[in-house]
Structure formats: C-alpha cells, structure tokens
J.: 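Please see the structure below; I have some questions.
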Amino acid sequence: VDIISPAMFREFALPYQRSIIEAARKHGLRTILWNEGDVVPILRDEMSVPWDAFGMEQSRKAIDLDLRNLRNVAANRCIFGNFDSEYLLVHGTTDEIQSAVDAQFDASGPGNPFVFCTGSPVPSDASPDAVDAMLDAVRSSAH
C-alpha cells in the first residue's frame, strides 16, 4: 500500500489475491500470503482472503509492522514472524537478537498459530554466530 491507495488495493489487487489463493486451495495446496510495505491499512481486507498463513516484511520505511497489529485482526490464524534479519544478524548483539525473538513470540500471543520467520532473507554477510544466536533464541523462546 505504499505505492497504491487502500481503495485501489481493494479494487485491483485484492480480487487477484483471493482468486489465486482460492485456486491453490481448490487443488489441495496450503497457502501463505506474504506482503511487502505498509499492510496495516489493509489488514482487515486481507482477513477476507482464505489463506492458511500470513507474513509481512520487517519494519522498514518508517512503517510500524509490529506483529501485534497483525495478531489483533488475525486472531487464531497462522502468522509468520518478521524478525529483522537484515539489521540484527549483521549488526545486532546476542542480547538484541534474544530480545527481538522474545518480542516476536510475545506479539504472536500464547497459544496462537505462529511460525518464527525472518521478514527478509538472511543476508549473505550475516555472521554464522548471529544465525546460531537467533536459532538458540528461538529454541529458548518457543512456547
């Protein structure tokens, strides 16, 4: 929604998302709907699509993409995390990584379907030690 208005999204993009997801599900496929940019204004619209899981990129572009915003409208539906791999796995300390992982699990809400995930691919210059710290944090935080 950073390049088109929510109204344009509803008119032009949402029907295509819905038809693609419905076609995939008709053939027995599980679906993950992943979005970039400012999805907050369209989250309620995205709930009308019968996806199996939903993901969004990490906060960028001065957009607050806190998982709580998503969980507030996607109660009991599976969401993917949006851990900031681009910053934390290159520049973050072990404590910052642990804190960010804990925040992801807290935002997902206890007992709700949640998949820990990065909001972008792991950068090629990420330290293997940082990746290990992230995985250790996930193992210690998972409920």
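Numbering starts at 1 and runs along the sequence shown.
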J.: Indicate, with yes or no, if Ile79 and Val101 share a hydrophobic cluster defined by side-chain heavy-atom contacts under 4.5 Å among Ile, Leu, Val, Met, Phe, Trp and Tyr.
T.: yes
J.: Do Phe83 and Phe116 pass the ring-ring contact (aromatic ring centres under 6.0 Å, His included) test, and can you show the C-alpha distance, the side-chain angles, and the key distance before you say yes or no?
T.: CA-CA 8 Å; Phe83 176 86; Phe116 179 85; 5.5 Å; yes
J.: Decide whether Leu33 and Val115 are clustered together by the hydrophobic rule: side chain heavy atoms of Ile, Leu, Val, Met, Phe, Trp, Tyr closer than 4.5 Å, transitively.
T.: no
J.: For Gln98 and Ser141, does a side-chain donor sit closer than 3.5 Å to a side-chain acceptor?
T.: yes
J.: Where do Val122 and Glu86 land on the side-chain contact (heavy atoms from CB on, under 4.5 Å) test, with the steps shown first?
T.: CA-CA 7 Å; Val122 173; Glu86 292 177 344; over 6 Å; no
J.: Heavy atoms only: give me the nearest Gly81-Leu67 pair and the separation to one decimal.
T.: CA-CD1, 3.8 Å
J.: Can a side-chain donor-acceptor contact be found between Arg18 and Ser48 if the only test is distance below 3.5 angstrom?
T.: yes
J.: Say whether, by atom type as modelled, one donor and one acceptor occur between the side chain of Asn69 and the main chain of Asp64 under 3.5 angstrom.
T.: yes
J.: Locate the shortest heavy-atom distance separating Pro41 from Arg10; write the atom from each residue and the value.
T.: O-NH2, 3.7 Å
J.: Mind checking whether Met56 and Ile21 sit in one hydrophobic cluster, side chains of I, L, V, M, F, W, Y counted as touching below 4.5 Å?
T.: yes
J.: Please determine whether residues Val90 and Leu88 belong to a single hydrophobic cluster, defined as Ile, Leu, Val, Met, Phe, Trp and Tyr linked transitively by side-chain heavy-atom distances below 4.5 Å.
T.: no
J.: Taking all non-hydrogen atoms of both residues into account, name the closest pair between Gln58 and Ser120 and its distance.
T.: OE1-OG, 2.8 Å
J.: Answer yes or no: is there a donor N or O on one side and an acceptor on the other, between the side chain of Arg30 and the main chain of Trp51, under 3.5 Å?
T.: no
J.: Can you tell me if CZ on Arg44 sees more than 12 non-hydrogen neighbours from other groups inside 6.0 Å?
T.: no
J.: Nearest 0.5 Å please: distance from the OG atom of Ser99 over to the CD atom of Gln104.
T.: 10.5 Å
J.: So if you build clusters from Ile, Leu, Val, Met, Phe, Trp, Tyr with side-chain heavy-atom gaps below 4.5 Å, do Tyr16 and Trp34 land together?
T.: no
J.: With distance as the sole test, does Ser85 use its side chain to make a donor-acceptor pair with the main-chain N or O of Thr118 at under 3.5 Å?
T.: no
J.: What are the two closest heavy atoms between Glu57 and Leu65, and how far apart are they?
T.: O-CD1, 3.4 Å
J.: Quick one: do Asp106 and Arg68 make a salt bridge, cutoff under 4.0 Å?
T.: no
J.: Between Leu14 and Phe9, does a side-chain contact (heavy atoms from CB on, under 4.5 Å) hold up when you go through it step by step?
T.: CA-CA 6 Å; Leu14 187 62; Phe9 169 80; 3.9 Å; yes
J.: Please answer whether the main-chain N or O of Glu46 pairs with a side-chain N or O of Gln17 as donor and acceptor at a distance below 3.5 Å.
T.: no
J.: Looking only at heavy atoms, what is the nearest atom pair of Met134 and Ile97, with distance?
T.: CA-CG2, 3.6 Å
J.: To check you understand the geometry: which heavy-atom pair defines the closest contact between Leu29 and Asp52, and what is its length?
T.: O-OD2, 4.1 Å
J.: Indicate yes or no for a side-chain donor-acceptor contact from Arg71 to the backbone of Ala107 under 3.5 Å, with no hydrogens or angles considered.
T.: no
J.: Could you give me the CA-CA distance, side-chain angles and deciding distance for Phe12 and Ile4, then say whether side-chain contact (heavy atoms from CB on, under 4.5 Å) is met?
T.: CA-CA 10 Å; Phe12 297 106; Ile4 63 173; 5.8 Å; no
J.: Report yes if the side chains of Val49 and Phe54 come closer than 4.5 Å at any heavy-atom pair, otherwise no.
T.: no
J.: Between Phe105 and Phe114, is the gap from one ring center to the other below 6.0 Å?
T.: yes
J.: How far does CG of Asn112 sit from SG of Cys78, to the nearest 0.5 angstrom?
T.: 10.0 Å
J.: Check whether any side-chain heavy atom of Pro50 sits under 4.5 Å from a side-chain heavy atom of Arg25, and report yes or no.
T.: yes
J.: Would you check if the side chain of Glu11 reaches a backbone N or O of Met8 as a donor-acceptor pair within less than 3.5 Å?
T.: no
